Protein chains: 2
Amino acid sequence: MTYQFLDEETLFLVSQTFKALSDPTRIKILHLLFEQELSVSNIAEILDLNQSNVSHQLRFLKNLRLVKYRREGKTIYYAPDDEHVMKILQQSIDHATHH
Amino acid sequence: MTYQFLDEETLFLVSQTFKALSDPTRIKILHLLFEQELSVSNIAEILDLNQSNVSHQLRFLKNLRLVKYRREGKTIYYAPDDEHVMKILQQSIDHATHH
DNA sequence: TTATAATATGAATATATGTTCATATGTGTA
DNA sequence: TACACATATGAACATATATTCATATTATAA
């Protein structure tokens, strides 16, 4: 009856990924990006959030490779970059909505 | 181009659920319960965790209805109680492992 | 060059969270 | 009853986190 422990690396990656989805602000941002690619200031304006706050959260998501970005002049556009995580988020929102 | 905001209730429920999965200790506990129903002391022993710590984390999971319990004498056995969340956890572990 | 716009960064701070300790509660047994 | 065992609880504490503010960086336009 030996139990196969999760290795530390997997444990860390999984927990970090879910941590990204555990904050309402980050959920809002990812949910918004479902629909379209958006700039930092667009996100801040639509969600009524501080520009700095949005920037910090996007960095968090970018470090986990959950979002990607491209620059166009002075503007930087962010978009989702992890289909699996976005799918999980969508499923969970649906699941929560129908309860 | 109006954006359909997530309502506060859904946002809270989704974030709380992911928060449950964002802590290594709780992931370990849920992962362990995948295999079998286990008592608090069994969980503590197998994972080398403080009994009180396990009890606190189980309460957290129970409040979110991610686990259920049954009493047998002095012993309380815990088991998963949310198939959807357990499936997401399993998928995410698999996903993280193969990277 | 200077000015302006968009974004990023770091410090500060208040709040949240995970863990431990000590102890309480609940259950069975002598 | 008294005792032992299993679990739960609350306080305390250290650490982590989200947010804001002020400012730096980067890019464009005048």
Side-chain angles (χ1 to χ4, degrees), chain A residues 6 8 11-33 36-79 81, chain B residues 6 8 11-33 36-79 81:
Chain A
L6 287 169
E8 282 302 317
L11 201 57
F12 182 73
L13 184 54
V14 171
S15 64
Q16 281 297 108
T17 303
F18 285 126
K19 187 158 292 173
L21 302 174
S22 74
D23 175 67
T25 299
R26 287 191 293 267
I27 293 176
K28 284 183 190 174
I29 291 173
L30 288 174
H31 183 248
L32 183 58
L33 292 179
Q36 62 215 300
E37 179 189 63
L38 282 171
S39 71
V40 178
S41 52
N42 281 163
I43 295 170
E45 189 183 12
I46 295 172
L47 297 179
D48 191 26
L49 293 170
N50 191 300
Q51 177 269 323
S52 177
N53 189 4
V54 173
S55 194
H56 279 300
Q57 302 300 351
L58 285 170
R59 178 165 59 171
F60 186 107
L61 297 172
K62 181 164 59 70
N63 287 342
L64 285 169
R65 299 181 195 284
L66 301 189
V67 297
K68 61 187 172 186
Y69 66 94
R70 71 179 177 85
R71 177 181 280 278
E72 197 174 304
K74 284 172 294 194
T75 306
I76 298 184
Y77 293 94
Y78 281 85
D81 197 30
Chain B
L6 286 170
E8 281 303 317
L11 200 58
F12 181 74
L13 183 55
V14 171
S15 65
Q16 282 297 108
T17 302
F18 285 126
K19 187 159 294 174
L21 301 175
S22 74
D23 175 67
T25 298
R26 287 191 292 268
I27 294 176
K28 283 184 191 174
I29 292 173
L30 288 174
H31 182 249
L32 183 58
L33 292 179
Q36 61 215 303
E37 179 188 64
L38 282 172
S39 72
V40 178
S41 51
N42 282 163
I43 295 170
E45 189 184 12
I46 295 172
L47 298 179
D48 191 26
L49 293 170
N50 190 302
Q51 177 270 322
S52 177
N53 190 4
V54 173
S55 194
H56 279 301
Q57 301 301 350
L58 285 171
R59 178 166 60 172
F60 186 107
L61 297 172
K62 181 164 60 71
N63 286 342
L64 285 169
R65 300 180 193 284
L66 301 189
V67 298
K68 61 187 173 187
Y69 66 93
R70 72 180 176 85
R71 178 180 280 278
E72 197 175 303
K74 286 173 292 194
T75 307
I76 298 185
Y77 292 95
Y78 281 84
D81 197 30

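What's counted below: heavy atoms across the whole structure, side chains too, no hydrogens, waters or symmetry copies. Predicted model, so just to flag it, every value in this text is computed and none were measured. Below, read A as the first sequence line, B as the second, and so on, with proteins coming before strands; counting in each chain starts at 1.
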For this session: Considering just the side-chain nitrogens and oxygens of Ser55(B), establish if one lies under 4.0 Å of OP1 or OP2 belonging to dT9(D).
Result: no
For this session: Using a cut-off of 6.0 Å, state whether more than 12 heavy atoms not belonging to Phe60(B) lie near its atom CZ.
Result: yes
Exercise. Under 4.0 Å: is that the gap between some side-chain N or O of Tyr78(A) and OP1 or OP2 of dA8(C)?
Worked result: yes
For this session: Rounded to the nearest angstrom, tell me the gap between atom CD in Glu72(A) and atom C1' in dT7(C).
Result: 15 Å
Exercise. Could one point to a donor on the side chain of His56(B) or the base of dT17(C) with an acceptor on the other under 3.5 Å away?
Worked result: no
Exercise. Hey, does the side chain of Ser15(B) reach the backbone of Leu11(B) with a donor-acceptor pair shorter than 3.5 angstrom?
Worked result: yes
For this session: Answer yes or no: side-chain N or O of Ser52(A) and base N or O of dT19(D) forming a donor-acceptor pair under 3.5 Å.
Result: no
Seminar exercise, completed: Lys19(A) atom NZ is separated from dA16(C) atom C1', nearest whole Å, by 11 Å
Exercise. Rounding to a whole Å, what distance do you find between Leu61(A):CG and dT17(D):P?
Worked result: 14 Å
Exercise. Any side-chain N or O of Tyr69(B) less than 4.0 Å from the OP1 or OP2 oxygen of dA6(D)?
Worked result: no
For this session: Could you please name the option among dA8(C), dA18(D), dC21(C) that lies closest to any side-chain atom of Asn50(B)?
Result: dC21(C)
For this session: Report yes or no: is there a donor-acceptor pair, N or O only, under 3.5 Å between the side chain of Gln51(A) and the base of dA8(C)?
Result: yes
Seminar exercise, completed: Separation of dT19(C) atom C1' from Leu47(B) atom CG, nearest Å, is 15 Å
Exercise. Among dG26(C), dT7(D), dG10(C), which nucleotide sits nearest the side chain of Lys74(B)?
Worked result: dG26(C)
Exercise. Atom CG of Leu21(A) to atom C1' of dA18(D): distance rounded to whole Å?
Worked result: 16 Å
Exercise. What orientation do Phe18(B) and Phe18(A) show, parallel under 30°, tilted 30 to 60°, or perpendicular over 60°?
Worked result: parallel
For this session: Assess whether atom NZ of Lys62(B) is packed by more than 12 heavy atoms of other residues, nucleotides or ligands within 6.0 Å.
Result: yes
Exercise. Rounding to a whole Å, what distance do you find between Leu49(B):CG and dT7(D):P?
Worked result: 14 Å
Exercise. For the pair made of CD1 in Ile76(B) and C1' in dG28(C), what is the distance, rounded to whole Å?
Worked result: 14 Å
Seminar exercise, completed: Testing dT7(D), dG10(D), dA6(C) for proximity to the side chain of Arg59(B), the answer is dG10(D)
Problem set entry | Residue whose closest nucleotide on DNA chain D lies nearer the 5' end, Arg71(A) versus Gln16(A) | Gln16(A)
Exercise. Any idea which of dT20(C), dT7(D), dT19(D) is nearest the Thr75(B) side chain?
Worked result: dT7(D)
Seminar exercise, completed: The nucleotide from dT19(D), dT7(D), dT19(C) with an atom nearest the side chain of Gln57(A) is dT19(D)
Seminar exercise, completed: Closest heavy-atom pair, Arg26(A) versus Lys19(A), reported as atoms and distance to 0.1 Å, is NH2-O, 3.0 Å
Problem set entry | Distance, rounded to the nearest Å, where Ile27(A) contributes CD1 and dA18(D) contributes P | 11 Å
